[in-house]
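Here is the structure we will look at, set down as structure tokens.
Letters A, B, ... are given to chains in the order of the sequence lines, protein chains preceding strands, and every chain is numbered from 1.
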Amino acid sequence: MFNSLPNLQVSWEVISVSQRVSTTYGESPILAVVYALAAIVAIILFMSLTAMTLVYTERKVAAHFQCRLGPMRVGWHGILQSIADTLKLLLKEDIVPDQADKAMHLFAPVLCVLAALLALIAIPFSPYLAVSDMNIGVLFISAVSGLGVLGILLGGWSSNNKWSLLGAMRAGAQIISYELSATLSILVVVMFSGSMKFSEIVQSQDQGWWIWRAPVVGLVAFLIFLVASTAEINRTPFDLAEGESELTAGFHTEYSGMRFAFFFLAEYLNLFIVSSMGATLFLGGWMPLHIGNLTFFNQVMDLIPPGLWFALKVSGFIFLSMWFRWTFPRLRVDQLMKLEWKVLLPIGFINLLLAAILTLSGFYFFPGNS
Amino acid sequence: MVSSEMASSVLPNSLSHTRAGIHISSLDERILKGQTDSKERADRETTQEYFVNMGPQHPSTHGVLRLVLRMDGETVRDVIPVLGYVHRGMEKKAEYVGYRQQVHFTDRLDYLSAVMGNWAMSSAIEKAMKTELNDRIETIRTIVAELTRIQSHQLWWGVLGMDLGAFTPFLYGFRDREKITAIFEETMGGRLTMNYIQPGGLMFDIHPDFVANVKKFISYFKPLIEEYEELFGGNVIVQERLKNVGILDAKSAISLGVTGPILRASGVAHDLRKLEPYGVYAKTKFNVPVGTVGDCWDRYQVRMQEMRESISIIEQLIDNVPEGKHMVMKFGAKIRVPEGVYYSQMETARGIFGIFIASDGSEKPYRMHFRTPNFNNLWAITQMAAGGRVGDLVAILSSIDIVVPDIDR
Amino acid sequence: MNDTSAQPTRRIPITGYFARIFTGFVSLLKGLKITFHYLSHPSTVVTQQYPENRATLKMAERLRAQLTMIHDDNGYHKCTACHICEQACPNASIHVAERAKPALSKTELDTFIWRLDSCTFCNLCVMVCPFQVLQMKSTFESSVYDQRLLIYNLSRYAGPTSTVLAKQADDEARKNAVEPRSVYDGPTALNGFFLAGIPKELLVTLDRKGEV
Amino acid sequence: MDSAELQVVVGALHSSLTFREKSDRLSVVVPSDQLLSVAMKLRDSEPLSFDMLCAHTAIDWLKDEKIELIYQLYSTKHGHHLMMSVYVSRTEAVAVPSLHTVWQIAQWQEREVYDLFGICYSGHPDLRRILLEDDWKGFPLLKDYKDDFMLERPW
């Protein structure tokens, strides 16, 4: 019966919004402008919706990890809680400490959100849904998400609070250190797929995801990326920058109202970006689960639309991150550095070396097809 | 010793901004006197130390405790506890009310071992008056005291988790503590401050369901201790955070007058339940867990083990609570303690709770002093925390398991 | 004084770099297993939805949350205004205001004032009462927005004084005057401004507290 | 060591020591000029070895015009207790030697007694108020202490 299925081999033609803008510009400039505006509005809408959903999900998931119910009052099972909270934060007084560096204090959260927003540009949600598919996409996200730490540093420093400064300094040291490991693990995938362009990385996983297709090194790189990315976005067990039991609230101690909401927004957007990075690089992004030449299996998997695949993978990644957060205690600041420089970085280097050998020798699953 | 005025004139301004006087560390003192060697001075010149207030509003000072920290980057050089934010003049108040009214004050000192505080006060009065109690009273007192110890340690376990950055243990600890509070509520009519143990007996007899509920709790909680260990104690991050942190050796622990699990973790098997048995502890079999190193990890282990021992004590007692009256003194009668001075001690969840009574033979005590365990225990932090990180300080403070009203009285 | 060199320290066994990473990893997985167990078993949720579950909420019988005076079905209480509870109260939370009862040349209870704001629920007043008129109830919902509303009158109005009664025409009229008008339904808040009968010393405290 | 044996050993430390009655445990009265040396001996002599200072407090005996300082000692080695008291004049300012060199915790317990009774300890490194505010007037645990916040009980 299944043999009678039509050949569903999808060509996966990738068109990004920016491509559409440029191709339509010659024919109809109005359409191009519409495309561009739509992209901007969509990104902003998407940004706020994602953050709200993530906050709600996090609260619900955390609650059930802890034998609680979580938000239950606003809407059915508290589904509108995030909206209520956002409204509350927007309406609250925006307090700037008297001794603070006012301009910097106001600018810092904006910088954080800006970095997260920029990174969203390159993320491939599905073959037809990415704002821009640049040829250095991976590098772009790595670089831009590194900007966020500047916002944290500024916020902590300009608050003129010792706890904030401590938190900011911790964040600076931590993010810069863990950036190394994250990049090393990303390089493994870049090496296997032979490109930094997200569409090509995803299409290179046509025969299988890099997490298992690159024997062992893929998995190790994935684990390193998991740890390093958790550290990069300051989530438990690496939330030293915030460290509420040590530094009261770390770098955002002196923030309130909308500016606090901006930091909050940036935090959850970063979670989303890191998760989609992980999903794209190691779990095939929007690419359905394919196993080599098992055509029938691959065809069945293709029935699920690529956008859904992407959403599922990202949710899995995000859930993992939440699971960590609500299970593990926080590391101490020196142990954090020890973990990076003594454990993750050496392993990452060795892993990269092995990956290089494997790539050159073609010793991985289904090498001929990518 | 350099006076603080002199220090503030010599040292940078940042030193003098705390309102309470600053305890000058030995290094400062030696620098001021010009007794430092070149290396120390070079250290001092390249890094600027600063003071930071931890508390009175800080999530991990467990209430309104203020610690002034002298820090060098992330490293804590000195801890100066500043007390008195919840000082309520308990000892002064105690001089104005009768002996029976004293008992409920002890609820409000160490509220996490409220029943043991009640017991300490009642037994101090009973000892002074030489009142004989029956076995039922003693057995029930022992059982509820051990239940109190378990719930106190449950809370401590949860709070330790939260202080180390894991929020989930906190709620698990509270969830399981709730079972004990429900038992207490049923029998004693209160959840936190019960005023249950009275001079001469108990406020009420135990509830008819008490025995069954305690048994139910024990069978519920026994496997959970292992789960606690697996979730938290076995976690590699927790072990890294607690091992070799905040070491307190036996000699300075004794000299600092530290008692309770902290003293035992330092390797001194000092437990009044064993050494000077009261209640029916003499009839029960239990071990006194002792640590070897005296670090936070030992304190963790000692308390976890104590929960298991407490369960075993309750198991030995709960099946045969003797019959008898629950009160041997008349409630309305005024209590007059014979003239003299009396000091009596009891082992609460945090250490020795001592009650000193000076009586002039009247209805009210002439002087009442509460020797609270946390007051002495807290000062151990000045020795334990120096040289560690902020994260260590939080772990140490949590492993001391302070209750601030007990310190400030 | 702080010589750490002599202290024993816990040596972490170096059983190999990778072995330690592996055991650490396993310990983390164990923790993850436990939290996942609770996530996947919604029956382990212990949260109570408080205002919604009012109908099914059972408080322990002995829970001490509100002091009440026992009144019989006709609305009478047995308090003789003997002041024993007042003296037993450690925080001066009880004030028994009495009035003359010239017919019997005695005093009777006028207002039994109980201050919830300073009460510690120690139960001593209940235990010492020689007539067992006081009782602790488990009605715990006593929060209000103004501290002054936490001063309660426990006793139900017990009819006119004997001087008023003496002015009544006959026994029938007196009986009717004495009969309570409604069944006792617990303490009533004094609403802050009704402070007659409270001695001056207590008024001083009230004033100070009333600054809120 | 029971109370009687302890009394013999403690009494041999110095000729000026007396023992107090009406106490539930052995209670020795030490003159204030001998306090430091007696405390040292109590801690260091092998049959006594009182290595822990459990509690330190004071009583204001208003009628006798005296303040009694009380030290509750305990030996973790032998498990025996001793109450040591020192009488100081209530009216004259007499400095009592600080015992923080003998037992470290004395430093903070003496601060508390200073705070509440106004006893001055000579040789104390950091004698400040500990529970009350720094600018508090008076010493509240003295029997004749009065301030505006104190209320008389109505009966």
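Using a 4.5 Å cut-off between heavy atoms, B:Tyr343 touches chain D through backbone and side chain atoms alike. Only the side chain of B:Leu275 has a heavy atom closer than 4.5 Å to any heavy atom of chain D. Residue contact with chain D, scored on non-hydrogen atoms closer than 4.5 Å, is absent for B:Ser359. Residue contact with chain D, scored on non-hydrogen atoms closer than 4.5 Å, involves the backbone of B:Ile407 exclusively. With a 4.5 Å cut-off on non-hydrogen atoms, B:Val86 does not touch chain D at all. At a 4.5 Å heavy-atom cutoff, the contact between D:Leu53 and chain B is made by backbone atoms alone.
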(request) Would you check, one step at a time, whether the test side-chain contact (heavy atoms from CB on, under 4.5 Å) holds for D:Gln107 with B:Trp379? (result) CA-CA 10 Å; D:Gln107 187 176 338; B:Trp379 294 107; over 6 Å; no
(message) Checking D:Glu133 against B:His87 for the side-chain contact (heavy atoms from CB on, under 4.5 Å) test, could you report, in this order, the C-alpha distance in whole Å, the side-chain angles of both residues, the deciding distance, and whether it holds?
(response) CA-CA 10 Å; D:Glu133 289 155 39; B:His87 178 59; over 6 Å; no
(request) For side-chain contact (heavy atoms from CB on, under 4.5 Å), just list the numbers for B:Leu83 and D:Trp108, CA-CA rounded to whole Å, side-chain angles, deciding distance to a tenth of an Å, and then say yes or no. (result) CA-CA 11 Å; B:Leu83 310 182; D:Trp108 295 288; over 6 Å; no
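Atoms NE2 and OG, on D:His100 and B:Ser255 in that order, are 10.5 Å from each other to the nearest 0.5 Å. Here B:Gln345 contributes atom CD and D:Cys54 contributes atom SG; the two are 4.5 Å apart, rounded to the nearest 0.5 Å. For the atom pair CD1 of B:Ile352 and CD of D:Gln72, the computed distance is 11.5 Å after rounding to the nearest 0.5 Å.
Residue-level contacts of residues 56-68 of chain D with chain B, in order of numbering, are D:His56, D:Thr57, D:Ala58, D:Ile59, D:Asp60, D:Trp61, D:Leu62; threshold 4.5 Å between heavy atoms.
For B:Lys251, the side-chain contact (heavy atoms from CB on, under 4.5 Å) test picks out B:Asp249, with sequence neighbours left out. Under the side-chain contact (heavy atoms from CB on, under 4.5 Å) criterion, D:Pro140 pairs with D:Leu116, D:Leu132, D:Trp136, D:Tyr145, sequence neighbours left out. Listed by chain and number, the residues in a side-chain contact (heavy atoms from CB on, under 4.5 Å) with D:Ser122 are D:Ala95, D:Pro97 (sequence neighbours excluded).
Between chain B and the options D:Gln109, D:Lys143, D:Met83, D:Met52, the largest number of non-hydrogen pairs under 4.5 Å is found for D:Lys143.
The closest side-chain heavy-atom distance from D:Arg25 to B:Tyr342 is not below 4.5 Å. Contact of the D:Tyr74 side chain with the B:Ile254 side chain is not registered, since no non-hydrogen atoms from C-beta on lie closer than 4.5 Å.
Side-chain contact, B:Glu276 with D:His81: a donor N or O sits under 3.5 Å from an acceptor N or O. Checking D:Gln104 against B:Gln383 by side-chain atom types alone, a donor-acceptor pair falls below 3.5 Å.
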